[in-house]
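Below is one structure; the comments refer to it alone.
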Amino acid sequence: MSRKNKKVLKYRTGFNLNIGFIVFFVIIIYVIFHIFTYFTSNPVSEYEVQQGTIATNNIYKGMIIREESVVYAEESGNLNYFVSNGSKVATSDVVYSVDTDGSIATQITGAQNDASAITDEDAGKIITDINSFSSGYNRRYFSKVYTFKNDLSAQLTQVLSQNALTSLADTISTAEANNTFYTYKPTAPGIVYYGIDGYEDVTTDSFTMDQYNNTNYEETDLTNNSTINQLDPVYKLITSENWNILINVPDNVAKSLNDKSVIKIRFCDDDYTTTVSFSLLKKGDAFFLKLNMKNSLIRYINERFTNIELVLGADTGLKIPNSAITKKEFFTIPKDYFTASGDSDASSLMIKDKSSGSVNIVSPTIFSQNDDFYFVDDEYLKDGDIIVKPDSSSTYRVGTDKDKLTGVYNINKGYAVFKQIKVLASNDDYTIVEAKTPYGISLYDHIALDGKSVKENQTITK
């Protein structure tokens, strides 16, 4: 058969299906949809709930109360001290002298400037004190250097003054016989302090809120006087090493300590930590913690007010960011209006139709409860609905009672569900909540990082 006689058979179909084109088209639609969703939705940042701890430490102002009394001068004249500030004295120790004509006082003052009178024993003690201070020095408390400098200077003055008393013994005896020179010893053993502030007679029973809140506190340094008049204050004698610190604490802190008898504290000025017994006092409407101190009195003898940290331990639970916490309003429905629905154990409500009088059964989600009420939202109920009490003609109007719960939004299933939380402790950034609470959150749950930007049942885009 010749080529021109050949017949070419052609087959036509109604539609040519291109699978590749269809797949490509579906992918394009899918991408466009997600791009549109991304730009038209508000992505929700999430946080995975973790176990955590927040230390609940609290810093408060403490007022120091001691057993102290002011000693007043019996004569007028030139004044010399023979005991350094904060030293323990016995009734046989000379604390100060008064020279009515000034001649011996001048010699004693001159001796205080003569370092050649220091013995090897005195020098050894001073060197020991310097080494002790250097080994325990912390640059965070640099101001303690000046305190140590003043204490060391007073110690040197005491040593040199006492040496002067010994070297001038004959001259002093003559002056004492002529009633021109007087030395004075304490009437009881104690600790000498050369400063007064008007708080010497204050006790843990008699103190006032004004004294505690005093913003104009001042102390008078008695060592600045080279002369003294009769009945002027000359020094203060602290007669017991038992002392107290009073701290005004909030009601919740006082309540948390009500069943305890000891507490761990930290002195903020030098980071010294100790455990002490305490009791609670009531002054008007305010609670005060009375710390019972039995040591370290000399360490803080220069202080009347000091910052104290109450180390109250740490709260452990589920740690969540504060930004996730929000509040939601709920209907509160009396518990006795709930009933079991059919074969289900779900708690249900009977809603009366206002027009027909028929009853519809709904099973709302319960978010929390107290002794009398369940907390439910508006998913199945609306304000004004009438609920019929089981086996009774009594009714209850939805919205009669409402309340707010504190919680977070759980987003495990791709939509937001409110969960109540019970706060244990918090700081500026995080809150510790109780674990395994009914209607609450659990470890490793995913919650909305910004709780205030989410609504119930909102679809979550991450």
Side-chain angles (χ1 to χ4, degrees), residues 30-54 56 315-333 335 338 346-349 351 362-370 373-385 387 398-462:
Y30 178 82
V31 171
I32 292 173
F33 172 77
H34 278 277
I35 291 175
F36 176 79
T37 302
Y38 177 80
F39 283 105
T40 58
S41 63
N42 293 319
V44 175
S45 299
E46 66 178 53
Y47 174 85
E48 185 178 78
V49 177
Q50 300 289 335
Q51 192 83 10
T53 299
I54 289 180
T56 54
D315 289 292
T316 300
L318 303 179
K319 187 176 183 180
I320 60 175
N322 291 342
S323 61
I325 300 174
T326 187
K327 289 183 179 292
K328 181 181 175 182
E329 187 174 67
F330 291 89
F331 298 126
T332 53
I333 310 297
K335 287 183 174 182
F338 284 81
S347 295
S348 302
L349 293 171
I351 308 298
V362 298
S363 299
T365 301
I366 296 175
F367 289 84
S368 184
Q369 64 176 306
N370 56 29
F373 295 93
Y374 283 121
F375 289 70
V376 300
D377 66 2
D378 57 2
E379 182 179 6
Y380 296 101
L381 302 175
K382 64 180 182 295
D383 205 332
D385 279 348
I387 302 173
V398 174
T400 302
D401 295 292
K402 296 180 181 180
D403 202 355
K404 288 185 177 181
L405 295 176
T406 300
V408 297
Y409 280 100
N410 183 307
I411 57 174
N412 287 345
K413 297 179 180 180
Y415 58 91
V417 178
F418 185 88
K419 296 289 185 179
Q420 184 189 11
I421 59 173
K422 182 176 180 181
V423 175
L424 297 177
S426 62
N427 59 23
D428 292 340
D429 300 312
Y430 289 93
T431 291
I432 298 297
V433 304
E434 189 174 308
K436 299 180 180 180
T437 56
Y439 316 107
I441 58 174
S442 302
L443 187 65
Y444 306 127
D445 274 352
H446 288 240
I447 61 175
L449 185 60
D450 183 1
K452 293 180 176 60
S453 67
V454 179
K455 295 181 179 180
E456 189 73 30
N457 293 321
Q458 176 182 330
T459 300
I460 301 302
T461 303
K462 301 179 182 179

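In this chain, numbering begins with 1 at the start of the sequence shown. Every heavy atom of this structure was used, including side-chain atoms; hydrogens, water molecules and symmetry mates were not.
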Could you check L349 against F338 for side chain to side chain contact (heavy atoms under 4.5 Å, CB included), going step by step and ending with a plain yes or no? CA-CA 5 Å; L349 293 171; F338 284 81; 3.7 Å; yes

I'd like to know if the side chain of E329 and the backbone of K402 have a donor-acceptor N/O pair within less than 3.5 Å. no

Dump the intermediate steps for side chain to side chain contact (heavy atoms under 4.5 Å, CB included) on I447 and I411, then the final yes or no. CA-CA 5 Å; I447 61 175; I411 57 174; 5.6 Å; no

Judged by atom type as modelled, is there a donor-acceptor pair below 3.5 Å linking the side chain of K335 to the main-chain atoms of N370? yes

Mind jotting down which residue pairs meet the salt bridge (charged side-chain N to carboxylate O under 4.0 Å, His left out) criterion with at least one end in residues 439-452? Sequence neighbours excluded, please. none

Donor-acceptor contacts, no H, no angles, side chain residues 319-327, under 3.5 Å, sequence neighbours left out:
residue: N322; atom: OD1; partner: T431; partner atom: N; Å: 3.3
residue: N322; atom: OD1; partner: T431; partner atom: OG1; Å: 2.5
residue: N322; atom: ND2; partner: N427; partner atom: O; Å: 2.9
residue: N322; atom: ND2; partner: D428; partner atom: O; Å: 3.2
residue: S323; atom: OG; partner: L449; partner atom: O; Å: 2.7
residue: K327; atom: NZ; partner: T406; partner atom: OG1; Å: 2.7

Below 4.5 Å, heavy atoms only, C-beta onward: do F367 and K419 meet side chain to side chain? no

For the residue pair I366 and S347, what are the closest heavy atoms and their distance? CD1-CB, 4.1 Å

More than 12 heavy atoms from other groups under 6.0 Å of CZ on F373: yes

Does any part of the side chain of F418, heavy atoms only, come nearer than 4.5 Å to the side chain of L405, both counted from C-beta? yes

Could you check E456 against E379 for side chain to side chain contact (heavy atoms under 4.5 Å, CB included), going step by step and ending with a plain yes or no? CA-CA 9 Å; E456 189 73 30; E379 182 179 6; over 6 Å; no

Would you say H446 and N412 make side-chain contact, with heavy atoms under 4.5 Å? yes

Over 12 non-hydrogen atoms of neighbours within 6.0 angstrom of NZ in K422: no

What orientation do F330 and F375 show, parallel under 30°, tilted 30 to 60°, or perpendicular over 60°? perpendicular

Answer whether the closest heavy-atom distance between the side chains of T316 and Q51 falls below 4.5 Å. yes

